[in-house]
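Heavy atoms only: backbone and side chains are in, while hydrogens, waters and symmetry mates are out.
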Amino acid sequence: MRTTLDRVRHAVSFEVIGLALVTPLGAWAFHMPMGDIGVVAIVSATIATIWNYLFNLGFDHLLLAMRGSVRKSLQVRVVHAVLFEVGLLALLMPFIAWYLGISLLQALLMDASFAIFYMAYAFVFNLAYDRVFPVQERPAEA
């Protein structure tokens with residue numbers, strides 16, 4: 001298991017590096033000022049972090065009430081991931097459209113692009129993080 005300090009380092013470095021990458025890439029890809037994309041990225045990351053906490057808390061409480069356990073099968077994990085992303089999209093799309101003065105369809109395409117970027121980025125980041133900061137194995141307790 002990772003320590004609390006390591007988890008904080010992971011979360012902070014993930015967000016800082018992600019924002020440093022997505023802001024210029026988003027500005028270039030969508031032909032918008034970097035400052036505007038930066039604001040969208042920072043607000044989106046903040047909303048996503050809060051949504052992550054609230055959604056997972058609510059989802060686990062619902063599982064506990066319905067099944068008596070928070071254990072997740074592969075099917076439940078797929079449902080969890082889809083519902084999380086749909087909920088996040090519903091939260092972010094109106095903000096992105098309003099802030100950038102674009103249509104909801106354009107905001108949907110932009111948000112979907114960010115989601116695809118972050119899925120690939122999370123995979124690469126976590127792979128690299130695990131190599132740079134490997135988990136120290138501890139002997140199993142008897």
Quiz prompt | His10 ring center within less than 6.0 Å of Phe125 ring center | solution = yes
Quiz item: Is there a side-chain contact (heavy atoms from CB on, under 4.5 Å) between Asp130 and Arg2 once you walk through the steps?
Solution: CA-CA 10 Å; Asp130 287 345; Arg2 293 194 179 277; 2.6 Å; yes
Quiz item: CZ of Arg9: more than 12 outside heavy atoms within 6.0 angstrom?
Solution: yes
Self-check item: Residue pair Thr49 / Tyr53, side-chain heavy-atom distance below 4.5 Å
Solution: no
Exercise. Just say parallel, tilted or perpendicular for the rings of His80 and Phe84, cut-offs at 30° and 60°.
Key: parallel
Quiz item: Looking at Met34 and Ala27, what are the two nearest heavy atoms and their distance?
Solution: CA-CB, 3.7 Å
Exercise. Specify the closest pair of heavy atoms between Ala48 and Leu88, including all atoms of both residues, with the distance to one decimal.
Key: CA-CD1, 3.7 Å
Quiz item: Roughly how far, to the nearest 0.5 Å, is the CZ atom of Phe114 from the CG atom of Leu89?
Solution: 12.5 Å
Self-check item: Closest contact, heavy atoms only, Ile96 versus Ala107
Solution: CG2-CB, 3.9 Å
Practice problem: Answer yes if Trp28 and Val39 sit in the same cluster of Ile, Leu, Val, Met, Phe, Trp and Tyr residues linked by side chain heavy atoms under 4.5 Å apart, and no otherwise. | Solution: no
Practice problem: Using a 4.5 Å cut-off on heavy atoms from C-beta on, say whether the side chain of Val40 contacts that of Met32. | Solution: no
Quiz item: If you round to the nearest 0.5 Å, how far is CG of Leu54 from CG of Leu91?
Solution: 9.5 Å
Exercise. Check whether any side-chain heavy atom of Leu127 lies under 4.5 Å from a side-chain heavy atom of Arg131, and answer yes or no.
Key: yes
Quiz item: Is the Tyr121-Phe14 ring centre distance short of 6.0 angstrom?
Solution: yes
Quiz item: With the 4.5 Å side-chain cut-off for hydrophobic clustering, are Ile47 and Leu83 part of the same group?
Solution: yes
Quiz item: With a 4.5 Å heavy-atom cut-off, do Met110 and Ile37 have their side chains touching?
Solution: yes
Quiz item: Could you give the distance from CZ (Phe30) to CG (Leu25), rounded to the nearest 0.5 Å?
Solution: 10.0 Å
Quiz item: Would you say the side chain of Val76 lies within less than 4.5 Å of the side chain of Ser73, judging by non-hydrogen atoms?
Solution: yes
Quiz item: With hydrophobic residues grouped by side-chain heavy-atom distances under 4.5 Å, do Ile102 and Val22 end up in a single group?
Solution: yes
Quiz item: Which atom pair, heavy atoms only, marks the closest approach of Leu104 to Pro94?
Solution: CD2-CA, 4.2 Å
Practice problem: Begin from the C-alpha positions of Tyr129 and Asp6 and carry the test side-chain contact (heavy atoms from CB on, under 4.5 Å) through to its verdict. | Solution: CA-CA 10 Å; Tyr129 190 89; Asp6 189 31; 2.3 Å; yes
Quiz item: If two hydrophobic side chains count as joined below 4.5 Å and joins carry through other members, does Leu62 share a cluster with Trp51?
Solution: no
Quiz item: Can you find a pair of side-chain heavy atoms, one from Val82 and one from Val86, that are under 4.5 Å apart?
Solution: yes
Quiz prompt | Distance in Å, Tyr99 OH paired with Ser44 OG, rounded so as to fall on 0.5 Å steps | solution = 11.0 Å
Self-check item: Interatomic distance, Met93 atom CE to Ser103 atom OG [nearest 0.5 angstrom]
Solution: 9.5 Å
Quiz item: Passes side-chain contact (heavy atoms from CB on, under 4.5 Å), Glu85 versus Met119? Steps please.
Solution: CA-CA 11 Å; Glu85 290 300 331; Met119 278 193 296; 5.8 Å; no
Quiz item: Is Phe59 close to Val70 at the side-chain level, that is, under 4.5 Å between some pair of heavy atoms?
Solution: no
Quiz item: Is it true that Asp60 and Arg71 make a salt bridge, defined as a side-chain N closer than 4.0 Å to a carboxylate O?
Solution: no
Quiz prompt | Separation between CZ of Phe95 and CG of Asp111, rounded to the nearest 0.5 Å | solution = 11.0 Å
Quiz item: With hydrophobic residues grouped by side-chain heavy-atom distances under 4.5 Å, do Val8 and Ile17 end up in a single group?
Solution: no
